[in-house]
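Take a look at the structure set out below.
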Amino acid sequence: FGLENFDDLLLKSLVSLAVFESHFIGDVIVSDIFDDCSLHRRILGLTTLELAAQELCGNKTLQQGSVVARDYLPKVAGNKKLVESGNETTRYWGKLRHKNTSKVTVVNRFTAIAPRWFYGLLGNFMDRKNNVALWGGANGARLLSSMLVTMAFFVEASGPSSQSTWLLARDLIEFAWTFRTSEDSTLRVAVLVALANSFEVVDESTLLQILNSGSMHALPEFLGSVVRNDPDEG
């Protein structure tokens, strides 16, 4: 399309729709990710869900995983002025019209919707896990990596004190762990992101159960392998 900034406008519109009508629009976006379309469109769907989750959770400071960093710092009301200070330009804010020192309670609206989106992605993967067109080659690895990072962000945005968040984290650990031996370095790093986010929110007893079960005894070896073979180039 010839419209200037079309991609940005499209993304903003999709995010607004997903926030406004989380159940219906979220289901449509999840389904579209696994439909017959380009990788770009699939990644756009995952990006939309992440940004919508960030909006719904009420915490604008969370680091959104698969998108270039954006400035989500809340704007402060008041008269903005610029003051030249040597070679630097410093900014200060005028006196607020209504000074309010009380704490603002942020309601996490994503906690309720997180399982729907999370298990929507997981369920669609399980239904199509043998689809070579989806998961084959470099594009397949990139899609799966992006999906793991998106699911990890869902866990983080859902809130650490919720029982449903612990369930999401437990299931993400189990799901992501199956890809730890992938030959694709990006996918291995995505596994690490999923594990890190999940370990951070589960309660201690659940974490100990996870670490003492199945093949998780190989976790130190996996971490060492990632450090040696998949250095952070950022």
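None of the values given here were measured: they were computed from a predicted structure. In this chain, residues are counted from 1 in sequence order.
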First locate atom CG of Leu148, then atom CG of Leu192, and finally report the distance between them rounded to the nearest 0.5 Å.
-> 11.5 Å

Report the residues that fulfil ring-ring contact (aromatic ring centres under 6.0 Å, His included) with Phe222, sequence neighbours left out, ordered by chain and then residue number.
-> Trp177

Give a yes or no on whether the backbone of His23 and the side-chain of Trp117 come within a donor-acceptor separation of less than 3.5 Å.
-> no

Taking all non-hydrogen atoms of both residues into account, name the closest pair between Val155 and Thr165 and its distance.
-> O-CG2, 3.5 Å

Close side-chain approach of Ser145 and Arg142, heavy atoms under 4.5 Å = no

Test side-chain contact (heavy atoms from CB on, under 4.5 Å) on Leu168 and Tyr119 and set out the steps.
-> CA-CA 9 Å; Leu168 297 182; Tyr119 291 110; 3.4 Å; yes

Between CZ on residue Arg42 and CG on residue Asn139, distance to nearest 0.5 Å | 9.0 Å

Less than 4.0 Å between a side-chain N and a carboxylate O, is that true for Arg116 and Asp27?
-> yes

Worked verdict on Leu44 versus Leu10 for side-chain contact (heavy atoms from CB on, under 4.5 Å) = CA-CA 10 Å; Leu44 174 63; Leu10 175 61; 3.8 Å; yes

For Phe118, all residues meeting ring-ring contact (aromatic ring centres under 6.0 Å, His included), sequence neighbours excluded = none

State whether the number of non-hydrogen atoms from other residues, nucleotides or ligands found under 6.0 Å of Glu200 atom CD is greater than 12.
-> no

Single-linkage hydrophobic cluster, 4.5 Å side-chain cutoff, Phe24 and Leu14 together = yes

Please name the pair of heavy atoms, one in Ala190 and one in Val149, separated by the smallest distance, quoted to 0.1 Å.
-> CB-CG2, 4.1 Å

Taking Asn197 for its side chain and Ala152 for its backbone only, find out whether a donor-acceptor pair lies under 3.5 Å.
-> yes

Validation row: Phe6, Leu9 side chains within 4.5 angstrom (heavy atoms) = no

Is it true that atom CG of Asp36 has more than 12 heavy atoms of other residues, nucleotides or ligands lying nearer than 6.0 Å?
-> no

Ile113-Val107 co-clustered via ILVMFWY side chain contacts under 4.5 Å | no

Just by distance, do the side chain of Asn212 and the backbone of Leu208 share a donor-acceptor pair under 3.5 Å?
-> yes

Does Glu221 offer a backbone N or O that forms a donor-acceptor pair with the side chain of Ser225 under 3.5 Å?
-> no

Could you name each residue pair satisfying salt bridge (charged side-chain N to carboxylate O under 4.0 Å, His left out) that touches residues 117-137, not counting sequence neighbours?
-> none

Would the number of heavy atoms belonging to other residues, nucleotides or ligands and lying under 6.0 Å from CZ of Phe199 be above 12?
-> yes

hydrophobic_cluster_shared for Leu223 and Val226, side chain cutoff 4.5 Å | yes

Measuring from Arg180:CZ to Leu195:CG, what's the distance to the nearest 0.5 Å?
-> 10.0 Å

I would like to know whether Arg170 and Ser198 meet side-chain contact (heavy atoms from CB on, under 4.5 Å); could you show each step before the answer?
-> CA-CA 7 Å; Arg170 182 198 64 189; Ser198 299; over 6 Å; no

Sequence neighbours left out, what pairs pass salt bridge (charged side-chain N to carboxylate O under 4.0 Å, His left out) with at least one residue falling in residues 207-219?
-> none

Main-chain N/O of Val201 paired to Trp166 side chain as donor or acceptor, under 3.5 Å | yes

Any side-chain heavy atom of Glu50 sitting closer than 4.5 Å to one from Thr47?
-> no

Can you tell if the side chain of Met147 reaches within under 4.5 Å of the side chain of Phe34, non-hydrogen atoms only?
-> yes

side-chain contact (heavy atoms from CB on, under 4.5 Å) with Ile29: which residues, sequence neighbours excluded?
-> Ala18, Ile25, Ile33, Thr48, Leu49

Do the non-hydrogen side-chain atoms of Phe153 and Val193 ever get within less than 4.5 Å of each other?
-> no

Would you check if Leu121 and Leu46 make a side-chain contact, meaning some heavy-atom pair closer than 4.5 Å?
-> yes

Qualifying residues under side-chain contact (heavy atoms from CB on, under 4.5 Å), relative to Thr111, sequence neighbours excluded = Asn108, Ser158, Ser162, Ser164

About how many Å separate OG1 of Thr181 and CZ of Arg188, when rounded to the nearest 0.5 Å?
-> 9.0 Å

Answer yes if Leu56 and Phe20 sit in the same cluster of Ile, Leu, Val, Met, Phe, Trp and Tyr residues linked by side chain heavy atoms under 4.5 Å apart, and no otherwise.
-> no

How about Phe125 and Phe175: are their ring centres within less than 6.0 Å of each other?
-> yes

Give, for atom CD of Glu55 and atom OG of Ser22, the distance between the pair rounded to the nearest 0.5 Å.
-> 10.5 Å

